[in-house]
Amino acid sequence: KPLWTRQFEESGFLAGAAVRDGKIYVGDYNGTVRCLSTESGEIVWEHETEGEIYAAPNLHNGSVLVTTESGQLIALDVDDGKPRWEFRIEAPLRCWPTVAGGQVLLAGCDERLHAVDVTTGKETDGTDIDGPTGSTPALLANKRSEEHTSELQSH
C-alpha cells in the first residue's frame with residue numbers, strides 16, 4: 001500500500017527521482033526542482049529553473065545537480081535548494097549529469113561533450129561529438145577509463 005501520495009497541479013515528471021537520507025529530489029516539465037520528505041511527502045524546498053527537466057537529478061557531495069532544456073547545469077544545495085553555481089550552454093541539456101574524477105560530464109545538444117568542475121561549475125574541457133544528443137555520458141570504471149578521464153581533464 002502507498003505510504004503517501006502527492007500531486008502537483010499542472011505539472012508532470014519526465015524523468016526519475018534521486019533519493020538519499022530521507023529525501024526525494026525530482027524535477028518536472030515546468031522546470032521546478034523539488035525536495036520532498038520520504039516519510040510524509042511534504043515539500044522541504046523548491047527551486048525554479050529556466051527550462052524543462054528531462055533527466056533525473058544527480059546527488060554529489062551535498063549538491064543536487066540538475067540539467068535543463070534551457071541549457072543549464074545547476075548545482076543546488078541539498079539542504080535548502082539554494083544555487084551553489086551554474087554552467088550554461090546555448091543548447092538544451094537533456095542528459096543526466098555524470099560525475100567522474102571531480103568533473104560533471106555533459107553530452108549537449110550543442111554537439112559537444114563538456115567537462116565541468118563539480119566544485120566550481122567552470123568548464124575545464126570539452127570535445128566535439130559530431131551531433132546533438134540527449135544521451136547520458138557513460139563511463140567504464142576501470143584503470144583505462146580513469147586514465148581517459150585524466151587525459152580529458154589535461155587537454
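Computed from a predicted model, the values in this text were never measured in an experiment.
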Open item on the list: Between Leu113 and Val104, is there shared hydrophobic-cluster membership here, with clusters defined by ILVMFWY side-chain heavy atoms closer than 4.5 Å?
Closed with: no

Open item on the list: Please report the interatomic distance NE2(His47) to CG(Asp80), rounded to the nearest 0.5 Å.
Closed with: 11.0 Å

Task: From Arg6 atom CZ to Leu36 atom CG, the distance as rounded to the nearest 0.5 Å - done: 7.0 Å

Task: Joint cluster assignment, Leu59 & Val66, ILVMFWY side-chain distance < 4.5 Å - done: yes

TODO: Provide the closest heavy-atom pair for Ser135 versus Ala107 in the form atom of the first, atom of the second, distance.
DONE: O-CB, 3.3 Å

Open item on the list: Connecting only ILVMFWY residues whose side-chain heavy atoms lie within less than 4.5 Å of each other, what is the rest of Tyr54's hydrophobic cluster?
Closed with: Leu14, Tyr29

Task: Shared hydrophobic cluster for Val33 and Phe8 (ILVMFWY, side-chain gaps under 4.5 Å) - done: no

Task: Nearest non-hydrogen partners of Glu86 and Gln72, listed with the distance - done: OE1-NE2, 3.3 Å

Task: Minimum heavy-atom distance Pro57-Gly16, with the two atoms named - done: CD-O, 3.8 Å

Task: Verdict with reasoning, Trp96 to Asn58, per side chain to side chain contact (heavy atoms under 4.5 Å, CB included) - done: CA-CA 7 Å; Trp96 186 70; Asn58 189 357; 3.2 Å; yes

Open item on the list: Please evaluate residues Glu123 and Ile89 with respect to the criterion side chain to side chain contact (heavy atoms under 4.5 Å, CB included), reporting the C-alpha separation (whole Å), side-chain torsions for both, the decisive distance (0.1 Å), and the verdict.
Closed with: CA-CA 10 Å; Glu123 186 165 17; Ile89 65 171; 5.8 Å; no

Task: Nearest-0.5 Å distance that lies between atom CZ in Arg34 and atom OH in Tyr25 - done: 15.0 Å

Task: In one Ile/Leu/Val/Met/Phe/Trp/Tyr side-chain cluster, 4.5 Å: Leu93, Trp85 - done: yes

TODO: State plainly whether one hydrophobic cluster holds both Phe13 and Trp4, where clusters connect Ile, Leu, Val, Met, Phe, Trp and Tyr through side-chain heavy atoms under 4.5 angstrom apart.
DONE: yes

TODO: Before accepting this row, confirm whether a basic side-chain N of the pair Lys82/Asp77 lies closer than 4.0 Å to the acidic partner's carboxylate O.
DONE: no

- [ ] Give a yes or no on whether the backbone of Thr124 and the side-chain of Asp117 come within a donor-acceptor separation of less than 3.5 Å.
- [x] no

Task: side chain to side chain contact (heavy atoms under 4.5 Å, CB included) partner of Leu65, chosen from Leu106, Val118, Thr98, Val116 - done: Val118

- [ ] Give, for atom CZ of Arg20 and atom NE2 of His60, the distance between the pair rounded to the nearest 0.5 Å.
- [x] 9.5 Å

Open item on the list: To the closest 0.5 Å, what do you measure between CD1 (Ile129) and CZ (Arg112)?
Closed with: 9.0 Å

TODO: Among Asn30, Thr67, Thr68, Leu76, find the residue that satisfies the side chain to side chain contact (heavy atoms under 4.5 Å, CB included) test when tested with Thr49.
DONE: Thr68

- [ ] Quick one: pull up CD in Glu42 and SG in Cys35 and give me the separation to the nearest 0.5 Å.
- [x] 12.0 Å

Open item on the list: On a heavy-atom basis, which atom in Asp28 and which in Ser11 lie closest, and how many Å separate them?
Closed with: OD2-OG, 2.7 Å

TODO: Identify the heavy atoms of Pro132 and Cys109 that sit nearest to each other, and give their distance.
DONE: CB-O, 3.3 Å

Task: Atom CG of Asp128 with >12 non-hydrogen neighbours under 6.0 angstrom - done: yes

TODO: Over all heavy atoms of both residues, which pair between Lys23 and Asp79 is shortest? Give the atoms and the distance, please.
DONE: NZ-OD1, 3.7 Å

